[in-house]
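Per chain, numbering begins at 1; letters A, B, ... match sequence-line order.
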Amino acid sequence: MTAAAGNAPIILTLPDGSSREYLGTVTAAEVAADIGPGLAKAALAGEVDGALVDLDLPITESCQFRLITTRDENEALELIRHDAAHILAMAVQELFPGTQVTIGPVIDDGFYYDFAREEPFSLEDLDKIEQKMKEIVKRDVPTRREVWDRDEAADHFLEMGETYKAELIRDLPAGEEIRVYHHGDWHDLCRGPHLMSSGKIGSAFKLTKLAGAYWRGDAKNAQLQRIYGTAWRDKKELKAYLTRIEEAEKRDHRKLGKEMDLFHIQEEAVGMVFWHPKGWSLYQEVEQYIRRAQRERGYQEVRTPQLIDRKLWEASGHWDKFRENMFTSNADEKDLALKPMNCPAHIEIFKQGLKSYRELPLRMAEFGCCHRYEPSGALHGLMRVRGFTQDDAHIFCTEEQILSETKEFVDFLFSVYRDFGFEEVRVKFSDRPDVRAGSDDIWDRAEDSLRGALEQTGLEFEMNPGEGAFYGPKLEFVLRDAIGRDWQCGTLQLDFVVPGRLGAEYVGEDNDRHTPVMLHRAIFGSFERWIGILIENFAGRFPLWLAPTQAVVTTIVSDADEYATALAEKLKARGIRVGLDTRNEKINYKVREHSHAKIPFILVAGRREADEGTIAVRRLGSKEQQVLTIDEVVDMLTAEATAPDVARQQSA
RNA sequence: GCCCUCGUAGCUCAGUGGUAGAGCGCACCCUUGGUAAGGGUGAGGUCGGGUGUUCAAUUCACCCCGGGGGCACCA
């Protein structure tokens, strides 16, 4: 439509299919007012062909049109948070003149704004800023939008001392309109849209944390001060959010790890885990499960050295591409490195003896203990450590076998995740990174075959550009836990580079020597991280087969001690991890204590049970008791404590 | 690694410029009690490490180590 079409009517098609006609231009606010005064008051913004617009932005062409109110959750939150970020910037500049504003986007659950200021903000400042924001909201400052000339805008912000804003303007795409939003006396460069006044965001917001953040996300740039906040449609939502955060903190694996006596980490071994008996029991259960599963799927388990000569890492390419992350040592005038990965060692095993194509695919697994020098700021409980054990394996195969091996692995991975209770899994495909080994030609082939194999599995996937390993493209498997958080665990990486660099070969059908393709793969990723995820997913209330202590037998009176001891022995003989508590304490006290310890079953013996040959069974999370005979309880516990894979085999 | 923040008993935490306190836990004694805390007594701390200021530092300042929240990193 051209500008001359001023006399042609504009037709707005509403979500219910009805339409409204206007002559000249119209604004979303006017449409709302036309429909009714209630809507005029409730409207936050308009939506024109799927894009949010200011209520007062003139609409000049026919379009699909919708009014946004607080009922439209996603859009309303987006608008409220965006405005909250602006009001935050406004408050900061009122309180701390000379502070530069940069960017302030909406994020999950809230917003942040990055500021440039010499002096750091303190937590007390955060309170002051929040108070000032409330004041600005109360003032209900009206919003005004202006479109500026690019150069004038850049000069203007530069004159104000807002060098970051000026830089942003300079870098905006040529066609982009330069918009400046005024909130009272204050103004900022912004794409919009915004609510019509500061009062519209309501009072359900809160500043949450203070952090450093690099300008444009690059550690080479200046570090800015970021203020995070959360904002919601009403107080009830805000409270629900804060409660949700508290609940997540309660299942923090570091807190539960201490409470449940599973593991600890201390100063003298930063980023490395001391597994306590209970944590190690859990670990062992997980390891034995995956060992059985791998054996079942045709993997051979191996074990390779921790400390390997620099020469091997040079040959594999790690010394060049990965040196910064490797722990090194030195002996016999040789440079040694703790292995950060197992692959070169597995290739060295592959190279022993002449291999035939008939031996492929050869699946070599190792619960390989690796060390990586992670930046101190990256460490996080079990989730990010410097010493960890992978459920690692390398599949040596031909190019033709990539497809079937990929399918087989994906099937394997999903079955394992299901056994641990994870049903929701996403797949990401990562292609060539900037720093890489191997020619573009090889990368083309590797990416094509891995993507092709993935497509054949029928799984949906998203692209993750530039995130591949230095030796090849990879698939990443991301699972969702019980409270909706995503964890990247499994991976499948295709490698056309390293086997060749280390001289791995097999004799083909044609009697020529060929370099095998290698698939690096892991399902848990690392045991440490996997167990951290399990702790948080189950909030420490593990399924019986994983629980470090599966049951405690305890007594009401000491006359039942002998009986309880005999039962505990019997359960132990059947492979149940059972505790015995004959302390001279009241039953209330013991039930409370073992419930807090998240023991799945408390088996209580009093005089009655001892006389009748029964036991009172109390399951964690239930107040009910069930009186069973000894045989019944032994059968029930052994059945429920059976690992899912073993149970499947037994019933087959 | 960078920014902010924290470090006191086994755990959770209070506190002070004059060498420290609670609850839980632990030990011992009394209590034998039927499903989420029975009572009493007692032990336990170089206040993360170092340097400085001070008559005097756990307290104030600076440095280091470690934890937490972010950023960057996650090959």
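Looking at which nucleotide of RNA chain B each of A:Val604 and A:Lys321 is closest to, the 5′-most match is held by A:Val604. Mapping A:Gln493 and A:Phe121 onto RNA chain B via the closest heavy atom, the residue that lands nearer the 5' end is A:Phe121.
A cation-pi contact, defined as under 6.0 Å to the ring centre and within 45° of the axis, is absent between A:Arg81 and A:Phe111. A:Phe496 carries A:Arg445 over the face of its six-membered ring, with the cationic atom under 6.0 Å from the centre and within 45° of the normal. Under the 6.0 Å distance and 45° angle rule, A:Arg451 counts as a cation-pi partner of A:Phe429. For A:Arg310 and A:Trp313, the positive end is not near the middle of the six-membered ring at less than 6.0 Å and at most 45° from its axis.
The CG atom of A:Asp559 sits 13 Å away from the P atom of B:G34 (whole-angstrom rounding). Between the CD1 atom of A:Ile587 and the P atom of B:U35 there is a distance of 9 Å, rounded to whole Å.
No hydrogens or angles considered: nothing links the side chains of A:His394 and A:Asn342 as a donor-acceptor pair under 3.5 Å. Under 3.5 Å, the side chains of A:Tyr471 and A:Gln493 contain a donor-acceptor pair of N or O atoms.
Under 4.0 Å is where a charged nitrogen must lie from a carboxylate oxygen, and between A:Asp252 and A:Arg254 at least one such pair does. Ion pairing between a basic and an acidic side chain is recognised when a charged N comes within 4.0 Å of a carboxylate O; A:Asp444 and A:Arg432 show such pairing.
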Applying side chain to side chain donor-acceptor pair (under 3.5 Å), run through A:Glu162 and A:Gln93 and close with a yes or a no. CA-CA 12 Å; A:Glu162 298 280 3; A:Gln93 290 200 314; 2.7 Å; yes
Would A:Lys250 and A:Glu247 count as a salt bridge (Lys or Arg N to Asp or Glu O under 4.0 Å) if you check the C-alpha gap in whole Å, the side-chain angles of each, and the deciding distance to 0.1 Å? CA-CA 5 Å; A:Lys250 277 187 200 155; A:Glu247 289 302 315; 3.1 Å; yes
Could you write out each protein N or O paired with an N or O of nucleotides 38-48 of chain B at a distance under 3.5 Å?
unit_1 : atom_1 : unit_2   : atom_2 : d
B:G38  : O4'    : A:Lys586 : NZ     : 3.4

Taking only N/O atoms, report every protein-nucleotides 8-14 of chain B pair under 3.5 Å with atom names and distance.
unit_1 : atom_1 : unit_2   : atom_2 : d
B:U12  : OP1    : A:Lys258 : NZ     : 3.3

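Each of A:Thr102, A:Asp171, A:Ile103 was scored for a side-chain contact (heavy atoms from CB on, under 4.5 Å) with A:Arg216, with one residue passing: A:Asp171.
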Sugar-phosphate atoms are those with a prime plus P, OP1 and OP2; base atoms are the rest. Using that split, label each nucleotide of nucleotides 68-74 of chain B B, S or - for protein heavy atoms under 4.0 Å, 5' to 3'. SBBBBBB
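Spacing between B:G68 and B:C29 at atom P, rounded to whole Å, works out to 41 Å. B:G21 and B:G45 have their C1' atoms separated by 11 Å, with the value rounded to a whole Å.
Nucleic acid contact for A:Val270: sugar-phosphate only, since backbone atoms but no base atoms lie under 4.0 Å from a heavy atom of the residue.
Within residues 606-629 of chain A, the residues having any heavy atom under 4.0 Å from RNA chain B are, by residue number, A:Gly606, A:Arg607, A:Arg608, A:Glu609, A:Ala616, A:Arg618, A:Gln625.
For A:Phe121 and A:Phe96, the gap between ring centers is short of 6.0 Å. Centroid-to-centroid, the aromatic rings of A:Trp530 and A:Phe422 come within less than 6.0 Å.
Within the structure, every side-chain polar atom (N or O) of A:Ser595 is placed at least 4.0 Å from both OP1 and OP2 of B:A36.
Every residue was checked against the side chain to side chain donor-acceptor pair (under 3.5 Å) condition with A:Gln223, not counting sequence neighbours, and none meets it.
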Here RNA chain B, pairs taken as Watson-Crick or G-U under 3.5 Å and shown with ( ), [ ] when crossing and | when to another strand, reads (((((((..((((....[..)))).(((((.......))))).....(((((..]....))))))))))))....
